[in-house]
Amino acid sequence: MQVRVRFAPSPTGLLHIGNAHTALFNWLFARQHGGRVILRAEDTDVQRSQLGYEKDICEDLRWLGLDWDEGLELGGEFGPYRQSLRQAFYEEALKKLRQGGYVYPCYCSVEELEAERQANLAQGKPPRYSGRCRNLSEREIAAFEAQGRKPAWRFRVPEGQIAFRDLLRGEFAFQGAELGDFLVVRPTGVPTYNFAVVVDDIQMRISHVIRADEHLSNTPRQVLLYRALDAQTPQFAHVAMLLGPDRQKLSKRHGAVSVAEYRAQGYLPEALLNYLALLGWTPKGQEMLSKEELIEQFDLTHVGFSPAVFDQEKLRWLNGQYLRRADDARLTALAAPYLVSTGLLPEDEVAWPSEAWLQKLVGLLKHNIITLSQLPLWAQPFLSEPKYEDKKIVKILQEADSQQVFKAFSAALAGTSQLSSQKAGDMLHSLPEQLALGTGKVFRPLRAALTGQGKGPELAEIVALLGPEKCLERVEKFRR
RNA sequence: GGCCCUAUCGUCUAGCGGUUUAGGACACCGCCCUCUCACGGCGGCGGCAGGGGUUCGAAUCCCCUUAGGGCUACCA
């Protein structure tokens, strides 16, 4: 049997980290089984769904490196892949349910239902549908129709056991009596989630439904639908959902929860992807894994089912690791927007320093940062004049010993046109002995004069990158 | 309220009845490297939610309690 998985986000917002997590697990599973990934938009919530979000979600998935074989933007054999375009399928399925006597028309209004629900809740009774319309006579139906009421369609849930198997967690058995008759089609003719998913998954030949834990309780309803539609159920696998640091469901209250936000903060897609894979699953060996290695090592059956807290710190660590290993040319391209938006680089690329120099700069500074958005802070003295605002820096510059350091440094640089970091290092390290000063006494004032900062890359690298001319200029400023 | 899921260091987790003085990663602390920060190296702190069983033996199996989460929607 061919493995066919789907990722079915609802376009009611940006791609959520939690959705990206299940998308990744689906993707990994499909890729390691030579299966296909289907991307479908679940937009049956007409009020909240927006086409724009659908585009954003596609873009974020691609950014993460999760591609798909059929679905949105690609089309395919079993389309269309947006639920609002699939009305004919739902109507056909509803017809089948009606013919089989699995559903009945319900004329209750939203207000009536909500009142009933509240009343039940207040009395400590289960807030499920009473079944008021379950056994309407022909005459009662005719009366409602005469009033111009449009019916919704409800599934007649049988009593008795509904069993299914979860690939991860084993056997489940729910009692039909506990479920209550659920809505399948709204009065507007738009299907509800449970119905649309099942119809689509059947028609799209989905073999494995890998989704978050929160859908476990919906599964018996869906199993009922599969049976009524005379279809085979797919394999279910419910993975744990993601939590915030307070162990509540991960939400906007916890800060950045969309993939787009992490991208904006300067996280690398491979870092986010790698981190997401580590939530609920652990590799045997080391944890830093490429997409290819993940495909090779990932094992759905070893995914844990206890909910996982999304830990920013570990993500940050991973991002730092990937940053340091990243190609400088690529990083420079990614970093440029941050440098432009902070005014360190002009809008117009023509006015930029050479590509080679920029790459050296980024290649050097990538060792000091955790996210790309931190780059401007370090790049500042290289792309504009140092600020010399820090009190400690000012004090170092004013120290008596600093004067002879500046003098010796200037003398050593005079007449030099270019310096490798190696040469610069040799020169710098000869100074302490020459001046009979401690290394710190020599290096600290130079670093201060050259960058206005107390920390940063190796001094030799700074000197090489700035070039003799600029170094001289900055040091001379402090000579008296 | 009912039903369901979950429970190992602060966090992610390994562990699938004996090989465990419970292993790793992040974070934290200390030391080393070093002009500083970061990286890196070494070391440390820190956990089986509680209570009952089952068993020669339990983090591992069962039950109860507790805690957290989910579903019970004309949200998905």
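In what follows, every chain begins at residue 1, and chains take the letters A, B, ... in the order their sequences are listed.
- Comparing the C1' positions of U66(B) and C26(B) gives an interatomic distance of 29 Å, to the nearest angstrom.
- Distance from the side chain of F174(A) is smallest for C3(B) among the nucleotides A73(B), A76(B), C3(B).
- Rounding to whole angstrom units, CG of residue L216(A) and P of A76(B) are separated by 19 Å.
- Taking atom P on both nucleotides, G44(B) is separated from A25(B) by 12 Å, rounded to a whole Å.
- At A73(B), one or more side-chain N or O atoms of R117(A) fall inside 4.0 Å of OP1 or OP2 (strictly under the cut-off).
- In this structure, K441(A) pairs ionically with D401(A), as a charged nitrogen and a carboxylate oxygen lie closer than 4.0 Å.
- Separating the CG atom of D166(A) from the P atom of U6(B) is a distance of 9 Å, rounded to the nearest angstrom.
- Between A22(B) and U8(B), the two C1' atoms lie 8 Å apart (nearest whole Å).
- Of the charged side-chain nitrogens involved, none lies within less than 4.0 Å of a carboxylate oxygen, so that R82(A) and D200(A) do not count as a salt-bridged pair.
- Across the protein-nucleic acid pair, F409(A) atom CZ and C35(B) atom P stand 16 Å apart, rounded to whole Å.
- More than 12 heavy-atom neighbours from other residues, nucleotides or ligands sit within 6.0 angstrom of CD on Q123(A).
- Checking the phosphate oxygens (OP1, OP2) of A73(B), no side-chain nitrogen or oxygen of T192(A) falls inside 4.0 Å.
- You won't find any donor-acceptor pair under 3.5 Å spanning the side chain of N194(A) and the base of A76(B), going by distance alone.
- Applying the 4.0 Å criterion to OP1 and OP2 of A14(B), one finds that Q286(A) has every side-chain N and O outside that range.
- Using a cutoff of 4.0 Å between basic side-chain nitrogens and carboxylate oxygens, E293(A) and K291(A) are not scored as salt-bridged.
- Summarising the geometry, the separation between NE2 on H215(A) and P on A76(B) is reported as 10 Å, rounded to the nearest angstrom.
- Rounded to an integer number of Å, the gap from CD of Q297(A) to C1' of A25(B) is 15 Å.
- Ring to ring, F310(A) and H254(A) are not that close: their centroids are 6.0 angstrom or more apart.
- Comparing P187(A) and L459(A), the nucleotide of RNA chain B nearest to each residue sits closer to the 5' end for L459(A).
- Atom CZ in R221(A) sits roughly 13 Å away from atom P in C4(B) (whole-Å rounding).
- To the nearest whole angstrom, the two C1' atoms, one in U13(B) and one in G46(B), are 15 Å apart.
- Under 4.0 angstrom from either OP1 or OP2 of C12(B) there lies at least one side-chain N or O belonging to R247(A).
- OP1 or OP2 of C74(B) lies within a sub-4.0 Å distance of a side-chain N or O belonging to R154(A).
- Here the nucleotide nearest the side chain of P127(A), chosen from G1(B), C75(B), U36(B), is G1(B).
- Between F298(A) and F25(A), the gap from one ring centroid to the other is short of 6.0 Å.
- Comparing the same atom, C1', in C28(B) and in G47(B) gives a spacing of 16 Å after rounding to whole Å.
- Look at the P atom in both G30(B) and C37(B): the space between them is 13 Å, to the nearest Å.
- When the P atom is used for both U21(B) and C63(B), the distance is 28 Å, rounded to whole Å.
- Between R48(A) and D43(A) there is no salt bridge, since no side-chain nitrogen of the basic residue lies less than 4.0 Å from a carboxylate oxygen of the acidic one.
- On a pure distance criterion of 3.5 Å, no polar donor-acceptor pair joins the side chain of R444(A) and the base of C35(B).
- Between the side chain of H302(A) and the base of C16(B) there is at least one donor-acceptor pair of N/O atoms closer than 3.5 Å.
- Straight-line distance from the NZ atom of K392(A) to the P atom of U36(B): 14 Å, rounded to whole Å.
- Rounded to whole Å, the separation between the P atoms of A14(B) and G23(B) comes to 15 Å.
- For the pair L431(A) CG and C35(B) C1', the interatomic distance rounds to 12 Å; values are reported in whole Å.
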